[in-house]
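For reference, the structure is listed below as structure tokens.
Bear in mind the structure is a predicted one, so any value in this text is a computation, not a measurement.
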Amino acid sequence: MEDDEMALDNLEDGVLDEDAVPKRKVEVDNTHALRRIRETIQLDAALPWTETLVISFPETIEADVDDDLNRELAFYKQALYSADLARSLATSHSLPFTRPSDYFAEMVKSDAHMERIRARLLDERSGIKRSEEKRKEREAKKFGKQVQLEKQRERERGKKEMDERLKSLKRKHKGALDNAEADGESLDIAVEDAVSNGPPAKRAKGRGGNSMSRSTRDGKYGFGGKGHRSKQNTKSSTDDFESGPGRGGRAGRGRGVNKRGGSAGSRRPGKSKRLASRSRQ
């Protein structure tokens with residue numbers, strides 16, 4: 001049994017066994033033998049091009065086999081030249097070389113196999129969609145919790161600020177709280193300003209420059225005063241028949257002399273009475 005041959009490059013750590021017999025592979029470039037073999041398989045030159053479909057590059061390209069860029073560029077030039085020449089020759093020989101539009105090519109994989117692949121792709125897509133929806137739900141919950149915490153903190157800050165304002169108000173008006181007879185108007189205004197989040201309300205000033213009392217402000221602005229509808233009729237004024245002609249009562253308007261000189265008591269009868277009198281006639 002012959003020993004297995006191994007290249008020196010495949011040896012581990014470059015260590016050669018003492019019993020191994022080194023051999024050298026001899027590469028022989030026998031050009032004459034290669035040409036002789038080629039002549040035996042060569043086709044007849046008299047055959048038309050449609051039978052051989054052989055195209056050769058007319059030039060010899062010198063390229064370094066170790067230079068990848070120039071080697072691939074040489075292949076590209078040869079392929080481009082051969083494709084253009086073959087297209088023109090096929091057109092001149094009326095040889096169809098393009099695929100018809102109604103050409104039916106059977107697929108390598110069966111329809112059942114492609115259906116399984118499609119089902120698997122749909123499952124993967126649905127799984128990705130579900131995971132994305134779950135991720136969005138988690139982010140929405142996290143954002144909702146953050147908003148809730150922020151609102152809670154804002155309420156706490158507002159409550160704390162309210163307590164601070166009330167405490168400072170108690171310190172400023174300590175005498176008014178202890179003395180029940182003291183003026184409580186300024187204290188009420190201060191409490192309203194402290195409870196409201198807006199700026200302090202402006203104090204109304206009277207003629208003497210002093211602040212107006214609550215009753216004075218109510219009578220002037222909101223709870224009293226004549227107003228612009230003081231002359232408007234009401235139910236009581238409409239039903240008042242004892243008022244004079246200047247008050248606009250019914251009795252006042254009905255009494256007296258009309259423009260024609262007759263008394264106001266003889267009035268025109270109503271429509272129903274007029275119709276009844278006409279029917280009697």
For the atom pair [atom1] ([X]) and [atom2] ([Y]), what is the distance rounded to the nearest 0.5 Å?
{"X": "Leu122", "Y": "Arg120", "atom1": "CG", "atom2": "CZ", "value": "11.5 Å"}
{"X": "Glu133", "Y": "Ser126", "atom1": "CD", "atom2": "OG", "value": "10.5 Å"}
{"X": "Leu149", "Y": "Glu154", "atom1": "CG", "atom2": "CD", "value": "13.0 Å"}
{"X": "Gln42", "Y": "Ile37", "atom1": "CD", "atom2": "CD1", "value": "13.5 Å"}
{"X": "Arg36", "Y": "Thr40", "atom1": "CZ", "atom2": "OG1", "value": "8.5 Å"}
{"X": "Glu59", "Y": "Glu62", "atom1": "CD", "atom2": "CD", "value": "11.5 Å"}

Joint cluster assignment, [X] & [Y], ILVMFWY side-chain distance < 4.5 Å:
{"X": "Leu53", "Y": "Leu89", "value": "yes"}
{"X": "Leu85", "Y": "Leu95", "value": "yes"}
{"X": "Met114", "Y": "Leu121", "value": "yes"}

Which atom of [X] lies closest to which atom of [Y], heavy atoms considered:
{"X": "Tyr81", "Y": "Pro58", "answer": "CE2-CD, 3.4 Å"}
{"X": "Lys77", "Y": "Phe57", "answer": "O-CE1, 4.1 Å"}
{"X": "Pro96", "Y": "Ser94", "answer": "CD-O, 3.5 Å"}

Salt bridge or not between [X] and [Y]? Use side-chain N to carboxylate O under 4.0 Å.
{"X": "Arg71", "Y": "Asp68", "result": "yes"}
{"X": "Glu139", "Y": "Arg135", "result": "yes"}
{"X": "Arg153", "Y": "Glu156", "result": "no"}

Identified side-chain contact (heavy atoms from CB on, under 4.5 Å) partner of Asp163 from the options Glu161, Lys160, Lys159, Arg165: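 For Asp163, the side-chain contact (heavy atoms from CB on, under 4.5 Å) test succeeds with only one of Glu161, Lys160, Lys159, Arg165, which is Lys159.
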Side chain proximity check, Ile128 to Arg125, heavy atoms < 4.5 angstrom: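 A side-chain contact under 4.5 Å is absent here.
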Residue pair Arg35 / His32, side-chain donor-acceptor N/O under 3.5 Å: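 No, His32 and Arg35 have no side-chain donor paired with an acceptor closer than 3.5 Å.
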Sidechain-backbone polar pair: Ser82 side chain, Ala79 backbone, donor-acceptor under 3.5 Å: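 Here the side-chain-to-backbone pair does not exist.
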Whether over 12 other heavy atoms sit under 6.0 Å from Arg274 CZ: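 Counting other residues, nucleotides and ligands, CZ of Arg274 exceeds 12 neighbours.
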From CA spacing to verdict: side chain to side chain contact (heavy atoms under 4.5 Å, CB included), Arg118, Glu115: CA-CA 5 Å; Arg118 180 176 177 274; Glu115 186 64 26; 3.7 Å; yes
Whether Trp49 and His93 hold their rings parallel, tilted or perpendicular, with breakpoints at 30° and 60°: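 Tilted, since the angle between the ring planes falls between 30° and 60°.
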